[in-house]
S.K.: 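My questions all concern the structure below.
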Amino acid sequence: MLTLKQIEEQRDFVVSRLAVKHVKNAEETVDRIIELNRLRRQMQAQNDAVLCELNQTSKSIGMLLKNGKTDEADEAKKHTGELKAATAELDRKMAETAQQIQDLLVTLPNLPHISVPEGYGAEDNVVVRMGGKMPELPEGALPHWELARKYDIIDFELGVKLTGAGFPVYKNQGARLQRALINFFLDRATAAGYHEIEPPVMVNEQSGFATGQLPDKEGQMYHAEVDNYYLVPTAEVPVTNIYRDVILSAEDFPVKMTAYTPCFRREAGSYGKDVRGLNRLHQFDKVEIVRLEHPSNSYQALDEMIQHVESLVTDLELPYRILRLCGGDMSFTSALTFDFEVYSAAQGKWLEVSSVSNFETFQANRMKLRFKEVGDKKTQLAHTLNGSALALPRIVAALLENNQTPEGIRIPAVLQPYTGFDIIR
RNA sequence: GGAAAGAUGGCCGAGUGGUCGAAGGCGCACGCCUGGAAAGCGUGUGUACCCCAAAAGGGUAUCAAGGGUUCGAAUCCCUUUCUUUCCGCCA
């Protein structure tokens with residue numbers, strides 16, 4: 001959520017940055033917010049004055065009664081009746097105005113960083129760099145969903161029986177590969193200084209709001225309605241929310257956390273060949289890295305996170321590219337996002353395996369995550385960042401396809417200590 | 001799921017209708033004292049919003065959350081959430 005302070009103090013800047021994300025009616029919304037907040041301010045000043053008089057009158061009534069001056073007390077009581085009516089009306093209007101402001105505020109996405117390129121969709125993203133070697137596949141190379149069946153390592157149909165489409169069952173060496181990847185990613189993250197967390201995989205409404213999934217992506221999360229809990233779409237939600245309503249000291253930075261969780265996404269509206277096999281699932285495994293940073297250091301931190309993710313795909317020997325997302329393709333909450341894609345040779349396309357973002361104060365404002373400079377009394381909003389390091393399914397898809405040989409599927413050297421085998425056959 | 005007791009500042013803890021503008025303690029910060037430190041003494045110590053150009057200063061709210069009673073609520077009433085203990089169930 002953008003702050004009222006920024007909207008008021010940098011109105012033109014806010015409007016022009018929102019245009020990069022192609023926000024509809026941004027200028028009208030911003031101006032309406034500014035006007036409503038001006039009204040709210042006025043009303044509060046009035047109401048505070050009324051309450052002040054009410055408090056003083058009540059106190060004097062106490063004194064009058066103590067001194068037996070009942071008549072004067074009754075007179076004063078009449079006056080408080082008027083004051084109470086006035087404050088009730090102001091309270092009502094203020095609550096209404098505050099709600100209007102809030103309703104408008106949550107429709108505005110984060111401002112894109114100055115380096116975010118213009119654009120409307122995926123085709124306008126900018127390739128920052130590429131790495132790894134493109135594989136040369138043998139004759140008759142198969143897509144991963146056929147390899148999965150051939151080696152009996154992932155069973156999509158069985159998942160349909162147990163749950164539904166998009167809930168695959170990993171079996172045998174496939175199950176072991178999942179566990180290996182999770183451990184490999186967690187070990188690498190902790191080696192890089194991230195503290196390991198195992199969070200709940202269901203969160204309450206407040207947590208969903210704080211990181212920006214609610215109300216914007218209401219329909220994308222599985223909702224356990226009886227208890228009003230949501231299945232996490234990413235570990236980002238519970239892990240970042242650890243610091244909801246927390247005031248840190250500047251010397252607490254950086255806060256670095258990592259977590260493995262299964263992730264649950266309804267993916268309403270997805271269909272077609274993009275959802276084949278592991279390309280898009282309702283449940284998948286992911287290791288996430290999350291950082292809380294001092295605003296002066298958050299872009300340095302973003303670079304470090306990108307380097308971390310890059311080292312993972314490099315060590316997995318996968319061909320990859322890094323994209324700087326354009327305004328139109330960025331998420332609601334992000335100020336700057338880099339996507340990692342690995343090349344899926346048998347499908348002949350790039351698959352997104354990681355998204356690394358700086359949210360600046362957008363999430364922090366929603367969750368009231370603040371800090372103080374040492375020796376300073378003022379609180380400021382912290383910056384939050386997160387990135388996948390990494391999401392498993394598409395990594396697995398690429399590993400299976402790119403490493404297929406007539407003898408079986410070769411496991412990258414770095415994973416072998418984790419899998420306990422060097423080939424899937 | 002049933003029963004009971006609870007929820008007060010960073011922490012402990014007092015407070016059953018008006019001097020609560022929340023006692024006292026711990027912690028923390030600063031100062032005094034000291035050769036230095038400890039102890040001791042003194043002062044200060046939450047958050048949010050509003051007024052003020054700013055600072056100083058002032059106002060309002062905040063005792064789990066929301067609503068109610070009252071001129072006045074941490075205190076009384078209602079609802080919700082959570083915690084603890086006992087019972088039940090249980091990986």
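Within every chain, numbering begins at 1; the chains are lettered A, B, ... in the order of the sequence lines, protein sequences first and strands thereafter.
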S.K.: With a 3.5 angstrom cut-off on both distances, give the Watson-Crick or G-U wobble partner of rA22(B), or none if there isn't one.
M.R.: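 No nucleotide pairs with rA22(B).
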S.K.: Between F371(A) and F253(A), is the ring centre distance below 6.0 Å?
M.R.: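 That pair passes the under 6.0 Å test.
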S.K.: What is the first contacted nucleotide of RNA chain B and what is the last, in 5' to 3' order, if contact means an atom lying under 4.0 angstrom from a heavy atom of chain A?
M.R.: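 Contact boundaries, 5' end first: rG18(B) to rG72(B).
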S.K.: Go nucleotide by nucleotide along RNA chain B from the 5' end; which of N47(A) and K372(A) gets its closest nucleotide reached first?
M.R.: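 Checking each residue's closest nucleotide, the 5'-ward one belongs to K372(A).
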S.K.: Please report the distance separating the P of rA23(B) from the corresponding atom of rU16(B), rounded so that it comes out in whole Å.
M.R.: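 Nearest-Å result for rA23(B) against rU16(B) at atom P: 15 Å.
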S.K.: So which nucleotide does rU83(B) pair with, by the Watson-Crick or G-U wobble rule with both distances under 3.5 Å?
M.R.: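 Base-paired to rA5(B).
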S.K.: Hey, which of H294(A), Q300(A), E293(A) is the one that makes side-chain hydrogen bond (donor to acceptor under 3.5 Å, both in side chains) with N297(A)?
M.R.: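 Of H294(A), Q300(A), E293(A), side-chain hydrogen bond (donor to acceptor under 3.5 Å, both in side chains) with N297(A) is met by E293(A) alone.
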S.K.: Considering every strand shown, what is the Watson-Crick or G-U wobble mate of rG35(B) when both distances are under 3.5 Å?
M.R.: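 Its partner is none (no Watson-Crick or G-U wobble pair with both distances under 3.5 Å).
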S.K.: Throw together a table of side-chain donor-acceptor distances under 3.5 angstrom for residues 178-185 of chain A, partners on residues two or more places apart or in other chains.
M.R.:
from, atom 1, to, atom 2, distance (Å)
Q178(A), NE2, D285(A), OD2, 3.0
N183(A), ND2, R179(A), O, 3.3

S.K.: For atom C1', what is the distance between rU83(B) and rC26(B), given to the nearest Å?
M.R.: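 Those two atoms are separated by 23 Å.
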S.K.: Sort out the partner of rU70(B) for me: Watson-Crick or G-U wobble, both distances under 3.5 Å, none otherwise.
M.R.: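 None - no nucleotide pairs with rU70(B), as no candidate has both distances under 3.5 Å.
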S.K.: Within 45° of the ring axis of Y151(A) and under 6.0 Å from its six-membered ring centre, is that where the NZ or CZ of R425(A) lies?
M.R.: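 Ring-cation test returns no.
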S.K.: Contact class for T379(A) (heavy atom, under 4.0 Å): base, sugar-phosphate, or nothing?
M.R.: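 It contacts sugar-phosphate atoms only.
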S.K.: Is any side-chain N of the basic residue among R92(A) and E96(A) closer than 4.0 Å to the acidic one's carboxylate O?
M.R.: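 E96(A) and R92(A): salt-bridged.
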S.K.: Provide the Watson-Crick or G-U wobble partner of rA91(B), both distances under 3.5 Å; none if there is no partner.
M.R.: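 Base-paired to nothing in any strand shown.
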S.K.: Could you tell me how far rG9(B) sits from rG44(B) if I compare only their C1' atoms? Round to whole Å.
M.R.: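 Result for the C1' pair: 15 Å, nearest Å.
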S.K.: By the 4.0 Å heavy-atom rule, please label D74(A) as base, sugar-phosphate, or nothing.
M.R.: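 No contact.
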S.K.: Using purine N1 to pyrimidine N3 plus N6-O4 or O6-N4 for Watson-Crick, or N1-O2 and O6-N3 for G-U wobble, each under 3.5 Å, what pairs with rU43(B)?
M.R.: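 Check on rU43(B): paired to rA29(B), both distances under 3.5 Å.
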S.K.: Now, which nucleotide makes the Watson-Crick or G-U wobble pair with rG57(B), with each of the two distances under 3.5 Å?
M.R.: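 rG57(B) is paired with rC51(B).
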S.K.: Between G81(A) and R370(A), who's closer to the 5' end of RNA chain B by nearest nucleotide?
M.R.: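 In this pair, the answer is R370(A).
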S.K.: Please state the C1' separation for the pair rU19(B) and rC78(B) - nearest whole angstrom.
M.R.: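 Taking atom C1' in both rU19(B) and rC78(B), they lie 31 Å apart.
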S.K.: Judged by modelled atom types alone, do N110(A) and T333(A) share a side-chain donor-acceptor pair under 3.5 Å?
M.R.: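 Looking only at side-chain atoms, T333(A) and N110(A) do not form any donor-acceptor pair under 3.5 Å.
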S.K.: Just by distance, do the side chain of R265(A) and the backbone of P233(A) share a donor-acceptor pair under 3.5 Å?
M.R.: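 Here the side-chain-to-backbone pair exists.
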S.K.: For rG17(B), give its Watson-Crick or G-U wobble partner with both distances under 3.5 Å, or none.
M.R.: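 Pair assignment: rG17(B) / none.
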S.K.: Would you measure the distance from the P atom in rC50(B) across to the matching atom in rA39(B) and give it in whole Å?
M.R.: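 Result for the P pair: 42 Å, nearest Å.
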S.K.: Using the C1' atom as the reference point in each nucleotide, state the distance between rC82(B) and rA65(B) in Å, no decimals.
M.R.: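 Between the two C1' atoms, the distance is 10 Å.
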S.K.: Say you pick atom C1' in rA22(B) and the same atom in rA73(B); how far apart are they, in whole Å?
M.R.: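 Pairwise C1' distance, rA22(B) against rA73(B), rounds to 13 Å.
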S.K.: Is any NZ, NE, NH1 or NH2 atom of the basic residue among D339(A) and R324(A) found under 4.0 Å from an Asp or Glu carboxylate oxygen of the other?
M.R.: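 Not counted as a salt bridge, because no side-chain N and carboxylate O are separated by less than 4.0 Å.
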S.K.: Would you classify T57(A) as touching base, sugar-phosphate or nothing, given that sugar-phosphate means primed atoms plus P, OP1 and OP2, and contacts are heavy atoms under 4.0 Å?
M.R.: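 The residue T57(A) makes no contact with any strand.
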S.K.: Using the P atoms only, state how far rA5(B) lies from rG57(B), rounded to an integer number of Å.
M.R.: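 Result for the P pair: 47 Å, nearest Å.
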S.K.: Base, sugar-phosphate or nothing for A76(A)? Non-hydrogen atoms, less than 4.0 Å.
M.R.: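 Here A76(A) touches no strand at all.
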